[in-house]
There are 2 protein chains.
Amino acid sequence: MTVERFAAPDAATVARVVGDGLREGAVVSIEAECEVEYDGRSGGYLGPGDRLVVCKPDGTLLVHRPSGHKPVNWMPGGATIKVDPGESDEDAPLLYARRSNPNEFLRVYLQDVYSVSRFDATDAVEYQERGTEAEMHEYIESDPESALEAGIRIVEHERETQYGYLDFFAQDADGTPVVVEVKRRQATLNHFDQLKRYMDLYRESNPEVRGMLVAPSTSDRVKRALRDNDMEFVRLAEFDVETREASETTLTDFS
Amino acid sequence: MTVERFAAPDAATVARVVGDGLREGAVVSIEAECEVEYDGRSGGYLGPGDRLVVCKPDGTLLVHRPSGHKPVNWMPGGATIKVDPGESDEDAPLLYARRSNPNEFLRVYLQDVYSVSRFDATDAVEYQERGTEAEMHEYIESDPESALEAGIRIVEHERETQYGYLDFFAQDADGTPVVVEVKRRQATLNHFDQLKRYMDLYRESNPEVRGMLVAPSTSDRVKRALRDNDMEFVRLAEFDVETREASETTLTDFS
DNA sequence: CTCTTAATATCGGAC
DNA sequence: GTCCGATGTTAAGAG
């Protein structure tokens, strides 16, 4: 690892540090007054102001304002980043990122560069994640009777239908088919829609088929929509974030 | 504007620069070897490695690896960021971000800080965006006959129904009601679902009601779903990104 | 390549 | 505060 930092660099230095850095696999951060232009799926213009610009060797370009989680403008990984120092030292260096599919570009005019930093970062470990929907699927599959209802049996996981993929195809104690859609967070109207799409398909041939939306919680509107369409909401309290967490965070609290 | 940078700072300096900086409205960037722990809506652990950590005064915390558009871990704006220098200079300073609703936290153990930078950024201008769905709505509303079909008339925009908001409620040349759902990008199965949700509602009382999904393009599966449900796809080629852009980017190209 | 779905989605607007 | 829908969503996984 090394970090090399250049304060108030001229255009040629900016171009060199960014160009060499990205080519050699470093992350380059720039603190600068800049102007940004974007065109592609949408389009936009951001007038002059102070921003943090991050360039990654995979082609990622991020322009961050002093507030907000999301960059105001960006280019996802896979883009080509070029830097043009301009014709004279008076010119603002230009960062230009481009990609195809979709065809779009981003231009960052670096009008006043306060600082450029080259970070030769080594980061090889894998991120370990807990609490995905896949985990919830495993939980249901391992013990469907306690997760969903007595007597239920999973017939198929991720079944492909004419209209998309459903999470579980099951059978209840009476042998009636059950379509199960699982959400790890509060289920929304769109999730109800998704389940209904599969239901409409199966009900054509068998009006008895049941539909279950499984989630830690949902809104009243969704519950009514389910009821009106003879479908069911199954609450999986074990996966409710608010409930689950309160206890854990108390133990590990910090002040 | 000012940028102040500290190379290889000790724990006390890290704590001071981050604490003072955030309190006084600056953006603080840290290049460091660190370890990250997250728990909340999901949970995760990221072992030691070199990352760029960005702290914003609104409570945003971002941990960026050397590749990828999205931060590997983060806390959205509104969180409280604290920094603990540890008990001795040997200890790793700890960045701790927390928020409620949902209740979650992020811990960044800064095991080896290569550089800390405080950026007192001034950024007041507004971002100007083009090509939003709202623009597409205006386009349709201003001339529904050329956008959708001859004789059609918009009755209501953003009508609230029992199951949500629909984009346009219209009437065709014969006076038949038309439910219109607009997407500025390629329409997906979920968008079909959304339209169908409204359709089901209106068809109960009037089986003649028509449904239109308006978008620059869509997949065959969506087209079939629409056909099977007696709904229509209206292609708005004017908003097709791939088509529109080819010409523009040629003019403004850069190499 | 496209299509389909998940995501710690985030964000903003309406109520 | 909750709910609802747009987003330049991005990213992963299957075909």
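Quick caveat: nothing in here was measured; it's all calculated off a predicted structure. Just so we're on the same page: letters track the sequence lines, and every chain starts at 1.
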Self-check item: No-H, no-angle donor-acceptor pair, A/N73 side chain to D/dG8 base, under 3.5 Å
Solution: yes

Exercise. Look at B/Q186 and C/dC3 and indicate whether a side-chain polar atom (N or O) is within less than 4.0 Å of OP1 or OP2.
Key: yes

Quiz item: Counting any heavy atom closer than 4.0 Å, what does A/M75 reach on the DNA or RNA strands: base, sugar-phosphate only, or nothing?
Solution: base

Practice problem: Report which part of the nucleic acid A/T132 touches: base, sugar-phosphate, or nothing (heavy-atom distance under 4.0 Å, all strands). | Solution: sugar-phosphate

Exercise. Classify the side-chain pair B/E37/B/Y109 by whether it contains a donor and acceptor separated by less than 3.5 Å.
Key: yes

Exercise. Specify whether B/H137 and B/F168 have parallel, tilted or perpendicular ring planes, treating 30° as the upper limit for parallel and 60° as the lower limit for perpendicular.
Key: tilted

Quiz item: Starting at CD of B/E181 and ending at P of D/dC4, how long is that distance when rounded to a whole Å?
Solution: 15 Å

Exercise. Name the residue closer to the 5' end of DNA chain C, choosing between A/N101 and A/V182 according to the nucleotide with the nearest heavy atom.
Key: A/N101

Quiz item: What's the CG-P distance between B/D220 and D/dG15, to the nearest Å?
Solution: 18 Å

Quiz item: What residue among B/V108, B/V54, B/N73 forms side-chain contact (heavy atoms from CB on, under 4.5 Å) with B/L61?
Solution: B/V108

Quiz prompt | Out of D/dT10, C/dA7, C/dC3, whichever nucleotide has its closest atom nearest the side chain of A/P76 | solution = D/dT10

Quiz item: Is the shortest side-chain N/O distance from A/R185 to OP1 or OP2 of C/dA9 below 4.0 Å?
Solution: yes

Practice problem: Consider only side-chain N and O atoms of B/T60 and B/D58, and report whether a donor and an acceptor are under 3.5 Å apart. | Solution: yes

Practice problem: From the options D/dC3, C/dT4, D/dG8, select the nucleotide whose nearest atom is closest to the side chain of B/E129. | Solution: D/dG8

Quiz item: So which nucleotide from C/dC3, D/dC4, C/dA6 ends up closest to the side chain of A/S219?
Solution: D/dC4

Quiz item: If you check the B/R41 side chain, which of C/dT8, D/dT7, C/dT4 turns out closest?
Solution: C/dT8

Exercise. Please tell me which of A/L106 and B/G68 maps to the more 5' nucleotide of DNA chain D, matching each residue to the nucleotide holding its nearest heavy atom.
Key: A/L106

Quiz item: Think B/W74 has a side-chain N or O under 4.0 angstrom from the OP1 or OP2 of C/dT10?
Solution: yes

Quiz item: Taking atom P of C/dC3 as reference, at what distance in whole Å does atom CD of A/Q162 sit?
Solution: 17 Å

Self-check item: Atom pair distance, as rounded to whole Å: CD in A/E126 and P in D/dA12
Solution: 11 Å

Practice problem: In whole angstrom, give the distance that lies between atom NE2 of A/H191 and atom P of C/dA9. | Solution: 10 Å

Self-check item: Length of the line joining A/K70:NZ and C/dG12:P, which is rounded to integer Å
Solution: 9 Å

Quiz prompt | Minimum-distance nucleotide (side-chain atoms of B/E133 versus C/dT10, D/dC4, D/dT7) | solution = D/dT7

Quiz item: Which listed nucleotide (C/dC11, C/dA14, C/dT8) is nearest to the side chain of B/Y165?
Solution: C/dA14

Exercise. Establish, for the pair B/R98 and B/Y96, whether the NZ or CZ atom is under 6.0 angstrom from the six-membered ring centre and no further than 45 degrees off its axis.
Key: no

Practice problem: Please report, rounded to the nearest Å, how far the C1' atom of D/dT7 is from the CG atom of B/N190. | Solution: 14 Å

Exercise. Check if the side chain of A/Y38 and the base of D/dG8 share a donor-acceptor pair of N or O atoms closer than 3.5 Å.
Key: yes

Quiz item: Hey, does B/R197 reach any base, or is it just sugar-phosphate, or nothing, if we go heavy atoms under 4.0 Å?
Solution: sugar-phosphate

Self-check item: Lys/Arg cation over aromatic A/Y163: A/R197, 6.0 Å, 45° cone
Solution: no

Quiz item: Between A/K183 and C/dA6, does any side-chain N or O lie under 4.0 Å from OP1 or OP2?
Solution: yes

Quiz item: Looking at D/dC4, D/dT10, C/dC11, which one has an atom nearest to any side-chain atom of B/H69?
Solution: D/dT10

Quiz item: Quick one: which of D/dC4, C/dT8, D/dG8 gets closest to the side chain of B/Y127?
Solution: D/dG8

Quiz item: Contact class for B/V222 vs. all strands (heavy atom < 4.0 Å): base, sugar-phosphate, or nothing?
Solution: nothing

Exercise. Take B/D167 and A/E160, find for each the nucleotide of DNA chain D with the closest heavy atom, and name the residue whose nucleotide sits nearer the 5' end.
Key: B/D167

Practice problem: Kindly point out which of D/dC4, C/dC3, D/dG8 is positioned nearest to the side chain of A/R99? | Solution: D/dG8

Exercise. Could you label the plane-to-plane angle of the A/F239 and A/Y139 rings as parallel, tilted or perpendicular, counting under 30° as parallel and over 60° as perpendicular?
Key: perpendicular

Exercise. Indicate, with a heavy-atom threshold strictly under 4.0 Å, whether A/E158 touches base, sugar-phosphate, or nothing.
Key: nothing

Exercise. Give a yes/no on whether any side-chain N or O of A/Q194 is located under 4.0 angstrom from OP1 or OP2 of C/dT4.
Key: no

Quiz item: Are there more than 12 heavy atoms of other residues, nucleotides or ligands under 6.0 Å from atom CD of A/E158?
Solution: yes

Quiz item: Whole-Å distance between D/dA6 P and A/D193 CG?
Solution: 11 Å

Exercise. Could you tell me whether B/F192 contacts a base, only the sugar-phosphate backbone, or nothing, with contacts defined as non-hydrogen atoms closer than 4.0 Å?
Key: nothing

Practice problem: Using the C1' atom as the reference point in each nucleotide, state the distance between D/dA6 and D/dT10 in Å, no decimals. | Solution: 15 Å

Practice problem: Ignoring backbone atoms, test whether B/R221 places a side-chain nitrogen or oxygen under 4.0 Å from the OP1 or OP2 oxygen of D/dG15. | Solution: no

